[in-house]
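Scroll down for the structure; my scribbles are underneath it.
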There are 2 protein chains.
Amino acid sequence: MTTLVDVANTSSRTLRLLSLLQARAYWPGPELADRLGVSVRTLRRDVERLRDLGYPVDATSGPEGGYRLAAGASLPPLALDDEEAVALALALQGAATNSDDDDNGAAAQPALRALTKVVQVMPPRLRRRVDALRAVAVSGPWGAEGGPDPAVLLTLAQACRDTERLALDYTAADGTRTQRRVEPHALVRLGRRWYLLAWDLGRGDWRTLRVDRTATARVEGGRFRPRELPGPDALAVVEGSIRTAPARHEVSAVLHVPADEARARLGGWAHIEELDPAQRGRCRLRMSTESLDWAAFALARARCDVSAVEPSALRDHLRAWSERFAAASSASSA
Amino acid sequence: MTTLVDVANTSSRTLRLLSLLQARAYWPGPELADRLGVSVRTLRRDVERLRDLGYPVDATSGPEGGYRLAAGASLPPLALDDEEAVALALALQGAATNSDDDDNGAAAQPALRALTKVVQVMPPRLRRRVDALRAVAVSGPWGAEGGPDPAVLLTLAQACRDTERLALDYTAADGTRTQRRVEPHALVRLGRRWYLLAWDLGRGDWRTLRVDRTATARVEGGRFRPRELPGPDALAVVEGSIRTAPARHEVSAVLHVPADEARARLGGWAHIEELDPAQRGRCRLRMSTESLDWAAFALARARCDVSAVEPSALRDHLRAWSERFAAASSASSA
DNA sequence: ACATTGCGGACAGCAACTGGCCGCGACCGC
DNA sequence: GCGGTCGCGGCCAGTTGCTGTCCGCAATGT
């Protein structure tokens, strides 16, 4: 399974040892030595080598003893099997495309980087499995938001990292479709959208493109030498070129349940504050969101009476839902 | 940054080379050699070594040529930096705890396995960052469902893999809290819940415990020799011990928008079917869910009139929401 | 055509690795 | 307490492997 090829090499053995230590927590020394095809003495030396490399290998003596890879100063290369790799690719993809704005929005960037690493070295058969599952596993409300195509996002990320020219099918804001050849420079996440900062070869100028408006992206082969950015920082450039930040709503409401009960029902989804002691059995909900749908949903999940709903836009929203639901729940046939 | 420790070792250099090749796609040979502190000739030999190990390193000649790590027969050990590791841990954790039932429910198991691997070798400082972000990043409606504590889930997974005895604080179905000492055998995901199949040392019998009812779990130190399962398969045992599968709702409704518009608004969230051509401008929504909240939310996201809502329970649900929202949207003060 | 880059053979010197042996300490079950 | 099992690390002698340098060759883009 993980046997790869047996090379008698010392360094290859060290790599194999690292993999083995990650696959199982405890390994009796003799078994390890047998697996690696060396004597126990040499195994000890290999372990010592790993330790010198900075990977702390704990060992316990006595019967049932053995070696175990512990947490160290830096992360060792992860040896994952096929299933784990697929799960990882899907999870990272979800994190890169779906993650919430304020929370792990910052984590989306590293997630995307990690994803490019994984995908680049992933065997084709695994990539096919990921592609197949991707279709099924959109699974999540964000898909509804017309988020970026994960495949496109991934291609763009790789091209940025590798400084490779791209050909894009792009739909501009006014709906016109254009073909663009660009030198991609950076992917920036702003709000809950991804933007590609690129040098447009057709127009000879910098452009900020929305990834979710990019239908297809393919690598054109040629690599390029990065130009100097028209600003101190990719983020700054993109921010400058985006007109307005998407409107945020600061939601506030009073829930007619005790605070801890509300927290239990809503999880970490909204901030729940205690009200003053006189108002026992009630609490205040606060959340900051771009989508009133989410706010309405949160109120619904609270399963209790609600009052003092705060942006008036949300009240309008609730009224609209209410009317629609009333209609839907009464009419039982088309 | 990634320098670890400089060991003049050959094997360490091979590891470093692997990391470098993953960090950037193209590396000119001379630059690589310089980074590794060896001559180009030795670099070529190192590359050859990697190839012998099964990692396909592509090389292109000519100016702008260089080395690149391609997709191979098996996944090479992933060398991730700190940020990537944190993002990865968060993403995997999300996949393991939140993932939807039918879709990547199957992927939850490998995700959890991968997570145990990562966490086991993750430096404490990174683990702290993950823990810190975890609190913020529940971010998602599932948190509200009282899903399992990721930390507990992780501890259980590690203990299963390492066959280590555990002490659990468990809240039984009737609400009584008990302390249990168990030998954990397998984690099984059924429906959208995690179950721990374990041998209860206090009672001397097998038990199936719900992970989300487990408040704390700590490793007791001792390792044990796995007992024989009372069935062919952990899944079978757990299935047998769970009385009823959680009730599922097969939701159906007619949306008063064209099918493709509905798909655009709902993403992969629900299945949208065309109706017969006479009914242009309408389509049928189908989804299968355990939570009527989600169904209601989906209908709301469709932002259109809805009719022929199908389980009557959902109609009741909608009516309840409607009334609550009507109240909330009119009363603007507590 | 030229420069740049990768490929691989040959060689000599040096460094490292290997296996076998040893005594030591830690730990567990009897 | 005692013996068995296991990890630790020193020592040694033989062998293996690695390294840098030099070389001619092939591929590629300017």
Side-chain angles (χ1 to χ4, degrees), chain A residues 6-18 20-21 24-53 55-70 162-165 220-225, chain B residues 6-17 20-21 24-53 55-70 163-165 220-225:
Chain A
D6 13 23
V7 189
N9 248 325
T10 308
S11 26
S12 89
R13 205 182 50 238
T14 309
L15 235 48
R16 292 224 314 274
L17 176 56
L18 201 53
L20 289 177
L21 284 176
R24 238 169 66 182
Y26 278 101
W27 286 92
E31 192 177 344
L32 269 184
D34 184 57
R35 281 254 185 162
L36 298 173
V38 293
S39 68
V40 254
R41 184 65 186 88
T42 302
L43 169 70
R44 281 204 290 276
R45 273 192 275 250
D46 284 354
V47 170
E48 193 186 344
R49 207 194 322 279
L50 279 186
R51 288 177 181 150
D52 280 352
L53 275 172
Y55 307 130
V57 183
D58 285 356
T60 46
S61 327
E64 297 286 306
Y67 295 92
R68 119 175 263 165
L69 189 56
D162 304 348
T163 61
E164 287 178 317
R165 292 207 182 79
E220 278 212 320
R223 289 207 299 295
F224 63 92
R225 203 169 301 282
Chain B
D6 11 27
V7 189
N9 245 324
T10 309
S11 25
S12 90
R13 206 183 48 238
T14 309
L15 237 47
R16 290 223 318 271
L17 175 57
L20 290 177
L21 285 175
R24 238 168 68 183
Y26 278 103
W27 286 92
E31 192 178 343
L32 269 186
D34 184 55
R35 282 251 185 166
L36 298 173
V38 292
S39 68
V40 247
R41 184 66 185 92
T42 302
L43 169 69
R44 282 204 289 277
R45 275 192 273 249
D46 284 353
V47 169
E48 192 186 346
R49 207 195 322 278
L50 279 186
R51 287 179 181 147
D52 281 352
L53 273 172
Y55 308 133
V57 183
D58 287 357
T60 47
S61 328
E64 298 287 304
Y67 295 92
R68 118 175 264 165
L69 189 56
T163 60
E164 287 179 317
R165 292 207 182 82
E220 279 213 320
R223 290 208 298 297
F224 63 92
R225 202 170 303 280

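To find a chain, count down the sequence lines: A is the first, B the second, and so on, and within it residues start at 1.
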Kindly write out the residues that satisfy salt bridge (Lys or Arg N to Asp or Glu O under 4.0 Å) with Glu31(A), not counting sequence neighbours, or none if the list is empty. Arg24(A)
With sequence neighbours excluded, give me every salt bridge (charged side-chain N to carboxylate O under 4.0 Å, His left out) pair touching residues 34-44 of chain B. none
Taking only side-chain nitrogens and oxygens of Arg13(A), does any of them come within less than 4.0 Å of OP1 or OP2 of dT18(C)? yes
Which residues pass the side-chain contact (heavy atoms from CB on, under 4.5 Å) test with Val57(B), sequence neighbours left out? Leu21(B), Val47(B), Leu50(B), Arg51(B), Tyr67(B), Leu69(B)
OG1 on Thr10(B) to CZ on Arg49(B), rounded to 0.5 Å: 6.0 Å
Please report, rounded to the nearest Å, how far the P atom of dC6(D) is from the CD atom of Glu31(A). 11 Å
Of the nucleotides dT19(D), dT18(C), dG20(D), which has the atom closest to the Thr10(B) side chain? dT19(D)
Holding to side chain to side chain donor-acceptor pair (under 3.5 Å), I want the full list of residues that pass it with Ser39(B), two or more places apart in sequence or in another chain. Thr42(B)
To the nearest angstrom, the CZ-P distance between Arg49(B) and dA16(C) comes to 14 Å
Identify all pairs in which a protein N or O lies below 3.5 Å from an N or O of nucleotides 7-9 of chain D, and state each distance.
from: dG7(D); atom 1: OP1; to: Gly29(A); atom 2: N; distance (Å): 2.6
from: dC8(D); atom 1: OP1; to: Arg51(A); atom 2: NH1; distance (Å): 3.4
from: dC8(D); atom 1: OP1; to: Arg51(A); atom 2: NH2; distance (Å): 3.1
from: dC8(D); atom 1: OP2; to: Tyr67(A); atom 2: OH; distance (Å): 2.7
from: dG9(D); atom 1: N7; to: Arg44(A); atom 2: NE; distance (Å): 3.2
from: dG9(D); atom 1: O6; to: Arg44(A); atom 2: NH2; distance (Å): 2.5

Let me check the geometry of the helix from dA1(C)-dT30(D) to dC30(C)-dG1(D). What is the bend angle between the axes at its two ends, five pairs each, to 10°? 60°
If we only count heavy atoms from C-beta on, is the Leu20(A) to Leu36(A) side-chain gap below 4.5 Å? yes
Grab the CZ-P distance between Arg165(A) and dG29(D) for me, whole Å please. 12 Å
Nearest whole angstrom, please: distance from the C1' of dG19(C) to the CG of Asp34(A). 16 Å
Carefully, step by step, assess Tyr26(B) and Thr163(A) under the rule side chain to side chain contact (heavy atoms under 4.5 Å, CB included). CA-CA 9 Å; Tyr26(B) 278 103; Thr163(A) 61; over 6 Å; no
Leu32(A) atom CG is separated from dT5(D) atom P, nearest whole Å, by 19 Å
Quick one: Asp46(A) CG to dA16(C) P, roughly how many Å, whole number? 15 Å
Would you indicate which nucleotide in dC12(D), dC18(D), dA10(C) comes nearest to any side-chain atom of Arg45(B)? dA10(C)
